[in-house]
There are 2 protein chains.
Amino acid sequence: MGRRVTIGDVAAHAGVSTATVSRVINGGTVAEATATRVWEAVTRLEYTPNALTRSIFAGRSSTIGVVIRDLSSPFYLDLMRGIEEVAATNDSLVMFANTFRHVDLDVAQVRAMDEQRVRGLVVTTGEASDKLTRRMAERGTPCVIVARTVPDPVPGMHSISLDNVGAGRLMAAHLARCGRSAVGVVSSGPRPSQVERTAGLRRGLADAGLPLPEEAVTVAEDEEGADLAVGALLAAGQARGKPLDAIVCTAGWLTVAVYSALVARGVAIPADVAFLTMDDFPWAATLGITAVDQPSYEMGRRAAELVVEAPEDAVEIVFEPALVARRSCGEQQ
Amino acid sequence: MGRRVTIGDVAAHAGVSTATVSRVINGGTVAEATATRVWEAVTRLEYTPNALTRSIFAGRSSTIGVVIRDLSSPFYLDLMRGIEEVAATNDSLVMFANTFRHVDLDVAQVRAMDEQRVRGLVVTTGEASDKLTRRMAERGTPCVIVARTVPDPVPGMHSISLDNVGAGRLMAAHLARCGRSAVGVVSSGPRPSQVERTAGLRRGLADAGLPLPEEAVTVAEDEEGADLAVGALLAAGQARGKPLDAIVCTAGWLTVAVYSALVARGVAIPADVAFLTMDDFPWAATLGITAVDQPSYEMGRRAAELVVEAPEDAVEIVFEPALVARRSCGEQQ
DNA sequence: CTGAAAGCGCTAACAG
DNA sequence: CTGTTAGCGCTTTCAG
């Protein structure tokens with residue numbers, strides 16, 4: 001198993017100094033003959049340069065750090081793919097940490113990334129880590145906050161988000177167009193994106209003369225909560241004497257849970273209830289589910305590009321949502 | 001933005017030597033008073049230790065490398081979550097690279113991981129990188145190959161896989177039990193797992209007195225190919241005068257494509273054709289899709305544990321598949 | 001074009 | 001208990 005071969009071993013084997021080996025590998029000016037000899041030694045000894053040591057000189061590594069809330073959500077998954085794609089074309093690797101939606105885990109993870117001296121960081125978690133990322137940005141590590149805007153960005157601290165109010169309006173308009181009037185909402189927690197989407201939905205509905213009473217907005221922390229929420233929403237409509245004719249899910253990762261809860265209760269979609277959700281996903285087409293989609297892959301790409309390009313100022317990019325209309329909200333009228 | 005603060009800065013600020021600071025941080029024997037002074041300097045200067053430099057001493061970093069074929073496949077996604085979970089509980093980060101199913105990209109990525117001196121490596125790609133991983137294992141970096149067995153493993157080179165022949169047999173038995181007799185297969189490429197599953201299926205079918213002619217096994221490279229394959233399978237059955245009554249998909253990432261192709265062609269599942277696939281996934285329950293599942297999350301955990309525990313010998317773990325029976329193959333008879 | 005020497009930020013003996 | 005002295009593996013002046 002033995003000691004790993006170092007640049008010194010190669011130098012000795014090729015009869016040159018370590019400086020020369022370094023130059024050969026990094027493309028400095030070296031005599032042809034010397035270079036050949038060095039490369040020979042490199043292959044013979046199977047020398048693999050130590051990227052860690054190299055990074056010490058650069059002051060930072062070449063990897064891109066990513067702290068993600070929930071890999072299994074279609075949004076974050078595509079985001080990740082966008083990031084990875086850009087990283088790959090820039091000879092970077094991605095250092096990855098998943099908070100599994102546990103709040104506060106992210107602070108430790110961001111810190112770990114900082115210790116790893118990542119080239120830049122993409123963060124999709126809450127505001128708890130903002131203090132840290134702000135400091136990182138000030139010290140020259142570009143940080144990109146995804147899925148929300150940043151209160152007071154400092155130079156090097158960027159944000160990539162969706163026009164969530166617009167997304168809500170898009171949903172409202174489509175529902176109105178489809179002749180639905182009694183909508184219930186399943187949202188997830190108090191995160192800005194959720195609040196904004198609900199607000200946009202409410203405003204859009206109001207514009208169409210439709211109400212969205214407080215009690216028609218439920219919150220689900222997990223799959224089970226979503227099932228409960230759907231039950232409650234349906235029951236309340238029944239009790240009110242005006243049954244729900246539409247259910248909106250404002251969080252992509254809850255789509256399966258909400259849709260399945262509906263199906264399990266024998267609700268006919270869209271005959272009884274229209275179903276509208278966030279984030280398009282592979283099965284949506286076949287299931288005929290209408291969704292308001294965000295360009296998650298592209299957002300990932302832009303995030304990684306911001307890390308690579310490291311612009312001086314704070315950049316704030318807001319993407320526009322798009323409606324992908326299918327069958328689950330019925331015919332437009 | 002300025003220079004990053006180093007251990008030297010902290011030492012100067014606290015009026016001690018760098019060695020003492022190092023000891024304070026890593027928990028050596030230091031006088032209470034000194035320690036307090038050092039910690040004060042650490043917080044005041046917002047010192048963040050450089051994990052890169054630290055790793056130089058350890059000879060390797062504490063991160064776990066993962067080279068994955070295709071993040072969007074349910075199997076690899078859950079595998080990744082299992083790995084990440086174990087990494088997190090071991091204060092490790094995960095360094096990640098996606099080959100996007102491009103063959104040969106993995107060699108470069110494995111090499112990059114080696115340069116990063118990862119603590120260990122989990123590889124889910126083809127045999128092209130085996131030469132490299134074998135060498136890494138010999139030099140003390142545990143490598144875990146997932147989703148296939150390794151021809152001649154060296155110490156430190158492990159494998160985690162599924163009993164694919166068993167999976168094929170499980171499928172065959174279920175189909176036979178459901179009274180299906182004319183099955184078609186959509187598989188993906190010539191990877192060992194695919195070949196083995198098809199072989200197991202064939203043997204299982206034979207045991208039940210059912211044939212699986214060569215032409216009933218199609219190969220799809222991508223979603224479009226899957227659609228074509230389904231079309232061809234259906235047409236061939238028609239031409240033969242004996243229409244297909246079951247379609248098996250041996251690759252989890254093709255499930256959407258194959259299922260959707262069936263639906264798009266107006267095929268009734270399971271009335272006309274039974275549908276059976278590999279790898280359970282969130283939507284399967286609601287869609288009533290029957291699947292042969294592998295414990296992907298657990299496999300990820302074991303893979304990461306092998307990296308962390310780094311056993312001397314080569315470990316080969318074969319997991320057993322499990323049938324998750326739902327509606328898509330009809331009633332059992 | 002190439003080598004010697006001085007570090008990068010940190011840890012690990014070894015004295016004291 | 002703490003400072004001094006060597007390095008870890010590599011890059012980078014600076015001479016020659």
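Just so it is clear: chains get the letters A, B, ... in the order the sequence lines come, proteins before strands, and each one is counted from 1.
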Considering only side-chain heavy atoms of A/T34, which listed nucleotide, C/dT2, D/dT11, D/dT2, is closest?
C/dT2
Spell out yes or no: do the side chain of A/R23 and the base of C/dG3 have one donor N/O and one acceptor N/O closer than 3.5 Å?
yes
Under 4.0 angstrom, heavy atoms only, what part of the nucleic acid is B/A31 near: base, sugar-phosphate, or nothing?
sugar-phosphate
Rounded off to whole Å, could you give me the CZ-to-P distance for the B/F57 and C/dG9 pair?
13 Å
From CG (A/L306) to CE (A/M157), nearest 0.5 Å
13.0 Å
Nearest whole Å is fine: how far is D/dG9 C1' from A/Y47 OH?
7 Å
Result for side chain to side chain contact (heavy atoms under 4.5 Å, CB included) between B/V24 and one of B/V42, B/T34, B/V30, B/T36 points to B/V30
About how many Å separate CG of B/L52 and CG of B/N50, when rounded to the nearest 0.5 Å?
5.0 Å
Regarding the side chain of B/T18, the nearest nucleotide among D/dG9, C/dT11, C/dG3 is C/dT11
Let me know the distance between CD1 of B/I56 and P of D/dA6, rounded to the nearest Å.
20 Å
Judged by nearest nucleotide, the residue sitting upstream toward the 5' end of DNA chain D, B/V16 or A/G8, is B/V16
Identify which nucleotide among C/dT2, C/dG9, D/dT2 has an atom closest to any side-chain atom of A/V30, counting heavy atoms from C-beta outward.
C/dT2
Whether B/T53 contacts C/dG9 is assessed here as follows: a side-chain N or O lying under 4.0 Å from the phosphate OP1 or OP2. Is that the case?
no
Ignoring backbone atoms, establish whether B/S17 has a side-chain N or O less than 4.0 Å from OP1 or OP2 of D/dT4.
no
Given side chains that start at C-beta, do those of B/E316 and B/S159 come closer than 4.5 Å, heavy atoms only?
yes
Does B/T20 put a side-chain nitrogen or oxygen below 4.0 Å from OP1 or OP2 of D/dT2?
no
Tell me whether the OP1 or OP2 atom of C/dC8 has a side-chain N or O from B/N50 closer than 4.0 Å.
no
Could you state the atom-to-atom distance from CZ of A/R54 to P of D/dC8 in whole Å?
19 Å
Sort out for me which residue in B/D78, B/V122, B/I83, B/I160 forms a side chain to side chain contact (heavy atoms under 4.5 Å, CB included) with B/M299.
B/I160
Minimum-distance nucleotide to A/T6 side chain [options: D/dG9, D/dC8, D/dT4]:
D/dG9
Whole angstrom is fine here: how far is it from CG in B/N26 over to C1' in D/dT2?
15 Å
